[in-house]
2 protein chains.
Amino acid sequence: MNAAAIRRCLEGSGLRCTPQRYAVMAFLAECNRHPTAAEIFDAVNRMDPRSSRATTYNNLRDLVQAGLVREVAVEGRAARFDAKGMRHHHFICDRCGNVEDVEWYDVPRPASGTLGKRILRECELIFRGLCTKCAPRHAWR
Amino acid sequence: MNAAAIRRCLEGSGLRCTPQRYAVMAFLAECNRHPTAAEIFDAVNRMDPRSSRATTYNNLRDLVQAGLVREVAVEGRAARFDAKGMRHHHFICDRCGNVEDVEWYDVPRPASGTLGKRILRECELIFRGLCTKCAPRHAWR
DNA sequence: TTTCACATTAGAAATATTCTAAGGTCCTCA
DNA sequence: TGAGGACCTTAGAATATTTCTAATGTGAAA
Ligand SMILES: [Mn+2]
Ligand SMILES: [Mn+2]
Ligand SMILES: [Zn+2]
Ligand SMILES: [Zn+2]
């Protein structure tokens, strides 16, 4: 995603393209991992202009609300973020907490009626187990 | 679940049935909501004997490790817990963060090969949207 | 009985996130 | 041009959640 595309997707969501907000979005768009807010804060501050912690969190909140960024909660660990590129599922490692992308496939929705008056926005599928790095260590013990 | 059953399931998992641990498990087993650690701590301390915060967290950790309790991470909110009774999925409200049970149905696993050397333990399906209480407020605005 | 792994405790510490209050930027409309 | 106002950023304080520490207790096995 190039600079113009990032600017477009921010403004298309009604968000001003400030240097700080741009930097968060640009970092997430090029980042293939799932960084925490602290990692994003650090990365952004290696560039100019710098951004405060509050602004980093504010911008992450705004980007998530706008649907441009996804937040992944991991039990007992800081939240992780990714720019919503292609649809995909997530694999979360029981041992190291790493979040990895898994190729997307369609998930069957619940039978009509089971959700009652609730309004369904999305079905999220999360795989859990041991990642490639942690699986071998498991075999030893 | 009666007292004997709780004792059995703790000891069957190699955990001593201490009064504090029993109280956490008993509370979760009878609780149909998804309480936070703080709520569990409060509930347990309304009974005797009392339990410290550290012990409540330690016991929750042990129960999760033993597979008797499930922890649900909710973005931006404290973790929630439930005793794993019947298999079920979860609905998490975007607005109030409430976690609700949804009748279980089978989830298709990823095609063999997509997970590589990873070891898959479970597939978790999470529904997101607005709960029954929050859906109407949404219509107003 | 002694022993030892397992548990508990109060409070401190660490971690993660949000809030506050002050000021900056940039668009709009006279 | 410039006053007004919506939106944004900032440093650091405050809050919320979870884990750690170090001392002490408990109970089953030897
Ligand atoms: Mn991802
Ligand atoms: Mn549940
Ligand atoms: Zn791992
Ligand atoms: Zn709700």
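Values reported hereafter were calculated over all heavy atoms of this structure, with side chains retained and with hydrogens, waters and symmetry mates removed. Chain naming here is simple, since letters A, B, ... match the order of the sequence lines and numbering starts at 1 in each. All of these numbers come straight from a predicted model, not from anything done at the bench.
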So, A:R109 and A:E122, do they make that salt bridge, N to O below 4.0 Å?
no
Quick one: is A:R16 getting a side-chain N or O under 4.0 Å of the C:dC26 phosphate, OP1 or OP2?
no
Once you apply a heavy-atom cut-off of 4.0 Å, does B:A78 come out as touching a base, just sugar-phosphate, or nothing?
sugar-phosphate
Is the distance from OP1 or OP2 of C:dC19 to the nearest side-chain N or O of A:N58 less than 4.0 Å?
no
Spacing between B:N59 atom CG and D:dT18 atom P, to the nearest angstrom:
15 Å
Sugar-phosphate only, base, or nothing, as touched by A:R50 at under 4.0 Å among non-hydrogen atoms
sugar-phosphate
Measure from the side-chain heavy atoms of A:S51 and tell me the nearest of D:dT10, C:dA7, D:dC8.
D:dT10
With respect to the side chain of B:T18, which nucleotide from C:dT8, D:dG27, D:dC7 is positioned closest?
C:dT8
Rounded to whole Å, please give me the gap between CD in A:E11 and P in C:dC26.
12 Å
B:F41 CZ to C:dG11 C1': how many Å, rounded?
12 Å
Given D:dA11, C:dT17, D:dA6, which nucleotide is nearest the side-chain atoms of A:A79?
C:dT17
Whole angstrom value for the distance that separates P of C:dT25 from CD of A:Q20:
10 Å
Could you state the atom-to-atom distance from CG of B:N45 to C1' of C:dT8 in whole Å?
12 Å
Say whether B:D101 and B:H89, considering side chains only, have a donor N or O and an acceptor N or O under 3.5 Å apart.
no
Per B:R53 side chain, nearest of listed nucleotides C:dC19, C:dA12, D:dC8
C:dA12
Find out whether the Lys NZ or Arg CZ of B:R118 is both under 6.0 angstrom from the six-membered ring centre of A:F91 and within 45° of the ring's axis.
yes
Between C:dA16, D:dT9, C:dT8, which one does the side chain of A:Y57 approach most closely?
C:dA16
For D:dT10, take OP1 and OP2 only and decide whether either is under 4.0 Å from a side-chain N or O of A:T55.
yes
Of A:E100, A:R80, A:H90, the one forming a side-chain hydrogen bond (donor to acceptor under 3.5 Å, both in side chains) with A:H34 is A:H90
For B:L60 and C:dA7, give me the distance from atom CG to atom P, rounded to whole Å.
14 Å
Check the distance between D:dC7's P and A:L15's CG and give it to me in whole angstrom.
11 Å
Round to a whole Å and report the spacing from CZ of B:R7 to P of D:dG27.
11 Å
Can you tell me which nucleotide in D:dT9, C:dA7, C:dT9 comes closest to the side chain of B:R21?
C:dA7
Is it true that B:E75 and B:R128 have a side-chain N and a carboxylate O under 4.0 angstrom from each other?
yes
Starting from the 5' end of DNA chain C, give me the residue, B:A54 or B:G14, whose nearest nucleotide shows up first.
B:G14
